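In this text, all values refer to a predicted model and were calculated from it rather than measured experimentally. Numbering of residues begins at 1 and proceeds along the displayed sequence.
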Amino acid sequence: MIVDASTHIEAVQYGGTTCMATPTDEDKVQVGPGCLWSSFAAPLVGQAAAVASTLPGALVGAAVAGARGSGQGSAPPGGSFWQIFDQMDFGGPCPIDLMLEQKDCPVEVLLAESDLLQELRARHSGLVARLTRPDGLLALIDLITRQPPVGASQSRKFGVPFAASQVLTSDVHEIFQAWVSPEHPEILDRFWAYLEGSPADTVDAVLSGYFSGAAAALLDRQPEEVTSYLRIRGPSALLDALLQRLHARSMAELLACIACAEWPSRRVFRTDELLRRLLAVMQDSSAMEDSQEHAAQVLSELLCRGGSMCFAEELLGLVTKPDVVDPLMDLVLHAEHRRATAAAMVLTNAVCQVWGGGADQGATSSGGRSPLRGGSLSPPGLGGPAGVSPSRDGEAEDVREVPMVLRDSSSRSMPVTVPPEHCKQLVASVCVHVAGIRTLFEGALEAGLVGPGASSSTRRTSGWEAASSKGAFAGRPVPVVSLGNVLEVILLLVMLVRAHRETALQALQHAELLPLCLRVLVAHPWSSLIHNAVCELFKEVLSEADTFATALFFTFASPGDVLEMIVEQYRQRQRLHDGARPGRSPAVGFMGQLHTLCVGLVRFSHQGASERQRVCGGLLAVAPGWSDVVMPMVADVSRIHNDVDLGGGIPADIRALTTAGGGWSSLPL
């Protein structure tokens with residue numbers, strides 16, 4: 001006899017095999033078919049009977065006698081396996097069955113039962129019938145849309161409403177069918193009346209979250225019925241109610257969920273009205289800051305959905321017009337940092353969608369982030385631009401954005417067909433404001449150390465001065481307040497060059513923005529986001545040796561322009577490297593990006609016709625310091641990248657093993 005002390009399950013060892021014993025007929029556990037315990041106890045009893053059928057009857061009887069505590073020996077403390085299950089009395093009905101036997105059992109009582117959700121997922125017929133009754137659904141809706149009564153218990157305040165929200169978002173299709181039943185329109189009326197009954201200025205975060213989740217689940221399961229009801233109820237009133245509560249994250253998610261219609265029959269709002277109202281919220285200086293940011297996030301979500309929406313072409317056609325671009329650019333250039341950053345992100349997504357590159361082709365290497373961003377709400381309390389927060393070290397940290405919880409739009413996914421003139425019109429409408437972008441960059445550079453704990457009169461210390469005075473990683477400057485806005489504008493410029501090179505490069509040359517972008521890079525020696533964004537902009541400009549890029553390349557040799565700044569940075573690196581202690585080489589964080597830029601300039605000068613190569617190569621050769629300072633250091637780094645085997649290479653005595661004809665058999669034994 002072998003006893004498992006952990007479970008008190010007794011077994012018989014016979015013929016070198018350990019088998020679980022089974023009781024006689026009168027000792028078998030009686031399991032009710034309507035109880036959840038049947039899923040656990042019935043397999044055990046069946047397994048024990050199957051195994052014991054192969055054993056001699058004497059051994060089975062001895063096992064049963066030992067399990068009941070009779071004969072030789074007694075059961076371990078706590079009772080044997082069969083005694084434990086005898087005491088549990090599985091033959092009785094489960095608590096849910098007892099509750100449902102009562103006439104008009106209160107829904108709150110059912111929701112307080114711990115086995116409710118398991119029984120509901122198991123499609124308990126009586127439970128489903130009770131919850132799908134009109135009074136049952138109304139009770140569930142009241143629990144997630146109304147405050148609990150004063151003096152209610154903790155279970156009524158928290159547990160019961162949570163259970164009600166889980167029931168209304170479950171996969172029981174009978175609930176959703178009864179919810180939208182035309183025979184009981186009062187159910188939908190009671191549910192959507194929450195938007196009119198709740199105060200707009202003080203939205204309860206818990207109840208609004210329950211309501212938003214239930215509404216999204218209802219739209220996902222019964223889209224045709226719900227959208228038809230909302231159109232009859234009044235799209236304008238619904239949009240007003242949602243925009244008044246847009247400062248609540250859950251309401252922003254619900255608005256985006258309703259607006260993203262895959263088919264014309266599921267549209268609720270007019271595209272032009274929705275776009276106009278969202279822009280009005282972004283421009284309203286008296287609106288809450290969260291409302292303005294959420295409006296930008298909803299608009300970005302609509303843009304990023306692309307061809308999965310039935311009105312994508314209409315939306316992109318409206319976004320390319322100057323009466324939409326000009327207000328957004330005004331926010332980018334003049335609003336506070338959170339609104340400006342949100343507006344720049346909307347424009348970047350619009351350019352990416354109109355260009356037609358999509359999410360994959362629109363990805364950049366700037367910190368691993370893609371210009372096609374949207375459908376995300378920044379965590380509250382960042383105290384900085386969305387997605388970028390100034391750290392105490394002076395580097396802009398990439399803050400992970402929290403995505404919006406939206407239903408899956410897998411109904412269709414097709415590219416958006418936008419006329420080429422719309423793309424050119426959008427790029428031209430943004431490039432009209434290049435003078436304002438230049439002013440923005442100059443203001444960010446002249447602001448100096450402006451950030452938490454610093455005054456506007458503090459002098460900015462360059463990265464090289466900090467590295468030489470306090471070590472390689474000490475004295476890093478705190479980024480300016482508009483660093484996040486500057487980053488978004490640089491990414492916007494990247495997308496403009498990709499979308500329409502001719503218009504964008506002419507605007508960059510006219511406003512002389514590339515030297516300013518390089519100055520921004522040098523002014524923030526420890527911000528990898530800025531470094532990667534500026535490097536990506538130069539890579540896009542130098543990607544093709546066309547007429548417009550060549551004209552821009554010729555301006556790099558002007559006094560104080562790109563080539564002079566690059567040479568100065570390499571000279572400072574060489575000077576500090578020569579005076580550094582052995583083993584310590586002060587540096588800044590952007591030398592890798594400068595190396596990539598120098599390699600790109602050399603490759604650009606070697607493209608095209610021979611005459612063009614001669615002129616561009618001569619321009620680099622005559623630049624002061626380029627040939628004797630920059631190129632030797634670039635060549636050393638390139639040799640390390642391309643020629644030297646990192647890690648020391650393969651030792652000579654076993655190098656033959658890696659060549660053809662060699663093998664382990666050639667090793668001396």
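Between Trp355 atom CH2 and Leu316 atom CG the span is 14.5 Å, to the nearest 0.5 Å. Note: Met329 CE to His334 NE2 = 8.5 Å, rounded to the nearest 0.5 Å. Interatomic distance, Leu318 CG to Thr320 OG1, rounded to the nearest 0.5 Å: 7.5 Å. With rounding to the nearest 0.5 Å, the separation of CG in Leu347 from CD in Glu488 is 10.5 Å. How far CE of Met345 is from CD of Gln297: 3.5 Å, rounded to the nearest 0.5 Å. Separating the NE2 atom in His294 from the CG atom in Leu242 is a distance of 13.5 Å, to the nearest 0.5 Å.
Taking a cutoff of 4.0 Å between a charged side-chain nitrogen and a carboxylate oxygen, Asp272 and Arg270 qualify as a salt bridge. The pair Asp330-Arg339 does not meet the salt-bridge criterion, since no charged nitrogen lies less than 4.0 angstrom from a carboxylate oxygen.
Residues Pro624 and Val567 have side chains not in contact (no heavy-atom distance under 4.5 Å, counting atoms from C-beta outward). For the pair Leu246/Leu243, a side-chain contact is recorded, criterion being any heavy-atom separation below 4.5 Å from C-beta on. At least one side-chain heavy atom of Leu601 sits under 4.5 Å from a side-chain heavy atom of Phe553. The side-chain heavy atoms of Gln292 and Glu336, taken from C-beta on, include a pair separated by under 4.5 Å. Between Met631 and Val602, the closest side-chain pair of non-hydrogen atoms falls below 4.5 Å. Side-chain contact between Leu426 and Leu496: absent, with no pair of heavy atoms (C-beta onward) separated by less than 4.5 Å. The side-chain heavy atoms of Leu513 and Leu537, taken from C-beta on, include no pair separated by under 4.5 Å. Counting only heavy atoms from C-beta outward, the side chains of Leu542 and Leu552 never approach each other to under 4.5 Å.
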*Stepwise, does the salt bridge (Lys or Arg N to Asp or Glu O under 4.0 Å) test hold for Arg338 with Asp290?*
CA-CA 9 Å; Arg338 289 187 66 178; Asp290 289 337; 3.7 Å; yes

*Show your reasoning for whether salt bridge (Lys or Arg N to Asp or Glu O under 4.0 Å) applies to Glu611 and Arg614.*
CA-CA 5 Å; Glu611 180 63 21; Arg614 184 185 64 81; 2.3 Å; yes

*Just do the side-chain contact (heavy atoms from CB on, under 4.5 Å) check on Leu493 and Ile437 with the steps written out, would you?*
CA-CA 10 Å; Leu493 294 177; Ile437 295 177; 4.3 Å; yes

_Working for side-chain contact (heavy atoms from CB on, under 4.5 Å), residues Leu508 and Val434_ = CA-CA 8 Å; Leu508 291 176; Val434 289; over 6 Å; no

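Cation-pi geometry between Arg612 and Phe604 is satisfied (NZ or CZ under 6.0 Å from the ring centre, within 45° of the ring normal).
Taking a 6.0 Å sphere around CZ of Arg438, one finds it holds more than 12 heavy atoms contributed by other residues, nucleotides or ligands.
For Asp546, the salt bridge (charged side-chain N to carboxylate O under 4.0 Å, His left out) partners at least two apart in sequence or on another chain are Arg501.
Here the closest heavy-atom approach between residue Gly625 and residue Arg571 is recorded as CA-NH2, 3.7 Å.
Taking the six-membered ring where the residue is Trp, Phe538 and Phe556 present tilted rings, their angle falling between 30° and 60°.
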